[in-house]
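Working notes, structure below.
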2 protein chains.
Amino acid sequence: MVNSVGIVGLGLIGGSLTRRLAHGQIEIVAWNHNDRPYAAARDAGIKCVDSLEQLAAAKPQVLFLCNPLRAMPEILERLAPVLDRNATVLSDVGSVKGMVRQQVENAGLGDCYVGAHPMAGNESSGFTASDPTIYDGALWVLTVNERTDYRRFLDVATLITESVGNRIIVLDDATHDRAAAMISHAPHAVSTALINQLTESSERNIAAALAAGAWRDMTRVGLTDPDRTRAMIEEDAQNVEVLLRDLANRLTLFADELHRSDDAALTRFFEQGQPFRDYKAGERAATNMADVQMKCTERRVLDIPDSEWRSVFLDSARRGEHVIRFIQPWRVEVETLSKI
Amino acid sequence: MVNSVGIVGLGLIGGSLTRRLAHGQIEIVAWNHNDRPYAAARDAGIKCVDSLEQLAAAKPQVLFLCNPLRAMPEILERLAPVLDRNATVLSDVGSVKGMVRQQVENAGLGDCYVGAHPMAGNESSGFTASDPTIYDGALWVLTVNERTDYRRFLDVATLITESVGNRIIVLDDATHDRAAAMISHAPHAVSTALINQLTESSERNIAAALAAGAWRDMTRVGLTDPDRTRAMIEEDAQNVEVLLRDLANRLTLFADELHRSDDAALTRFFEQGQPFRDYKAGERAATNMADVQMKCTERRVLDIPDSEWRSVFLDSARRGEHVIRFIQPWRVEVETLSKI
């Protein structure tokens with residue numbers, strides 16, 4: 001049972017996490033790069049300290065790095081000499097995992113690290129925007145590698161399932177970063193490219209006048225802060241590159257099929273994604289049912305072997321299962337809502 | 001002043017148009033391929049007839065074809081021998097204009113045709129879903145060519161600005177179809193390709209578990225009926241092909257730039273669409289202002305020369321202007337909200 005948590009960075013994600021945990025029995029200690037949020041944070045029952053060194057000295061059982069990724073190397077460098085590796089598990093909430101683990105290992109902190117990425121957030125930022133409900137129903141990805149200690153993993157995992165009240169899936173860093181590239185980072189580049197295409201056209205004002213729902217949806221993420229979008233894409237550049245080349249190839253092949261009116265190929269193009277459409281339809285049906293007991297969910301118990309625990313969790317994630325609780329340290333209950 | 005309108009097809013678009021016009025002084029006569037909507041339409045003050053021939057015999061001043069595009073050739077063939085070309089202007093509401101004009105000309109009805117495409121609609125269909133408010137604030141594209149008669153154009157244009165209460169822009173068919181491909185038809189193919197990419201991945205359930213707002217927005221139009229999407233894309237295939245090849249090229253170039261961490265090129269990619277982001281920010285600012293007089297709009301009056309009236313309207317559309325009213329047949333007031 002984790003009863004103390006440290007937080008670096010009282011922004012939207014870190015601040016909301018402290019607010020959510022502050023309602024429980026857990027002692028929270030936080031440090032922010034400036035003390036602007038401290039008065040409000042103290043009102044919310046959070047102990048705020050003046051330095052990273054003081055935060056490390058408090059020996060929280062789990063320490064979440066919720067700072068911007070660009071600040072990560074410097075913060076890790078300052079933590080390395082003062083963190084009690086036996087007392088504290090180091091985690092984070094970054095949206096890329098391979099790069100963060102590399103930085104953690106560069107700082108010599110790899111042994112006490114378990115990666116984490118909560119699927120939560122909104123367009124706002126800062127502690128004033130923080131809100132514990134942004135974690136309602138959230139899924140966390142925990143990332144592990146062959147050196148991850150299972151007891152440290154359990155500390156972070158049970159904190160999330162029991163104290164934060166969320167679900168988890170367990171991945172390796174590379175799988176996480178490929179998936180994040182597919183559903184977010186590469187689509188951000190596509191959205192930006194669509195905006196560029198219109199902007200360069202001599203008929204841009206005519207096209208914009210005709211724009212309706214399809215255009216609005218396809219370009220929303222390309223309208224957000226392009227510097228933030230660029231940073232996100234560059235942090236996951238290798239995966240984004242692969243996916244964009246694959247997408248460019250799909251679009252070129254489809255253009256060829258359109259050009260020669262290839263009925264069979266066009267049929268394949270429009271049928272290929274049907275499993276995803278069916279999955280979304282199932283998800284909507286489940287969401288619309290008022291009684292949670294009536295949802296088309298499937299629950300089962302997984303035994304986690306001492307060896308190969310990582311691959312059992314990864315296979316579970318591939319099947320579309322979410323870990324909802326630890327029955328014992330080596331037995332977990334998983335749930336599937338619908339799968340593709 | 002147009003005081004009688006005929007409607008072919010009482011679906012969402014045609015039905016909503018009859019409901020909107022029925023509130024005015026205009027006599028409406030409608031025909032649908034089956035009489036299911038007739039009871040409700042008659043309750044709404046719409047005269048319904050049993051055949052296309054009866055509809056033509058009613059000699060409406062403007063006859064809008066609001067039928068599905070796939071039914072267009074047969075309906076035109078049936079109308080051709082019975083339509084009084086001197087009494088009636090033929091128009092339509094189809095989402096592609098070049099193909100419809102070709103079909104109209106094949107039926108020998110080109111001389112009395114003015115193309116129209118209202119930027120209105122929603123995900124539903126059928127007369128039961130019809131609602132006059134779907135036209136609130138809508139923009140119509142009217143399409144003309146070198147044979148279009150200005151008095152016939154004026155009938156349709158003033159009907160829209162005065163009786164429907166909407167704005168218009170005037171384009172040639174090719175420009176309309178290129179713009180529609182850019183903001184709707186090609187993005188539908190991109191959305192479908194993104195769904196295909198995820199569906200083919202062995203990590204599809206992991207990716208779907210991580211999916212949030214960006215993925216939801218980028219794939220919404222790809223989730224809609226793929227048969228309808230395919231028809232829409234094939235009806236505008238040449239333009240979609242050109243745009244998809246251009247987009248594939250943009251994505252490949254960006255992947256190359258990512259690969260070599262080309263700072264200057266990446267900066268260009270993320271800066272290129274800034275005029276569109278600024279335009280959207282201006283549009284939002286205008287929309288948020290409660291007092292319409294305070295909006296950053298610019299109104300001016302255009303004189304329409306007897307010759308070259310088409311190019312005056314097309315240039316106006318390129319500048320981002322909307323025609324809001326006809327002061328006289330040869331003088332129009334136009335408004336610009338913001339432009340790119």
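Within every chain, numbering begins at 1; the chains are lettered A, B, ... in the order of the sequence lines, protein sequences first and strands thereafter.
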**OP:** Please name the pair of heavy atoms, one in B:Ala248 and one in A:Leu251, separated by the smallest distance, quoted to 0.1 Å.
**Re:** CB-CB, 4.3 Å

Original post:
Does A:Arg204 reach the main-chain N or O of B:Ile340 with its side chain, forming a donor-acceptor pair under 3.5 Å?
Top reply: yes

Original post:
With a 4.5 angstrom heavy-atom cut-off, which part of A:Thr267 approaches chain B: side chain, backbone, both or neither?
Top reply: both

Subject >> Closest contact, heavy atoms only, B:Arg250 versus A:Ala193 >> reply: CD-O, 3.9 Å

**OP:** Please list, chain by chain and in numerical order, all residues satisfying ring-ring contact (aromatic ring centres under 6.0 Å, His included) with B:Phe254, sequence neighbours excluded.
**Re:** B:Phe269, B:Phe270

**OP:** Can you measure from CD1 (A:Ile195) to CD (B:Gln274) and round to the nearest 0.5 angstrom?
**Re:** 9.5 Å

Original post:
With chain B, which of A:Leu198, A:Leu244, A:Leu171, A:Leu210 has the greatest number of heavy-atom pairs at distances under 4.5 Å?
Top reply: A:Leu210

**OP:** Please determine if B:Arg277 and A:Asp225 form a salt bridge, counting it only when a charged side-chain N lies under 4.0 Å from a carboxylate O.
**Re:** no

Subject >> Per-residue contact mode, B:Arg318 against chain A (heavy atom under 4.5 angstrom) >> reply: both

Subject >> For the student: nearest non-hydrogen atoms of A:Ile169 and B:Ala209, plus distance >> reply: CD1-CB, 4.3 Å

**OP:** Provide the closest heavy-atom pair for B:Gln197 versus A:Met182 in the form atom of the first, atom of the second, distance.
**Re:** O-CE, 4.1 Å

Original post:
Taking every heavy-atom pair that is under 4.5 Å apart, which of A:Leu314, A:Leu258, A:Val221, A:Thr229 has the most such pairs with chain B?
Top reply: A:Leu258

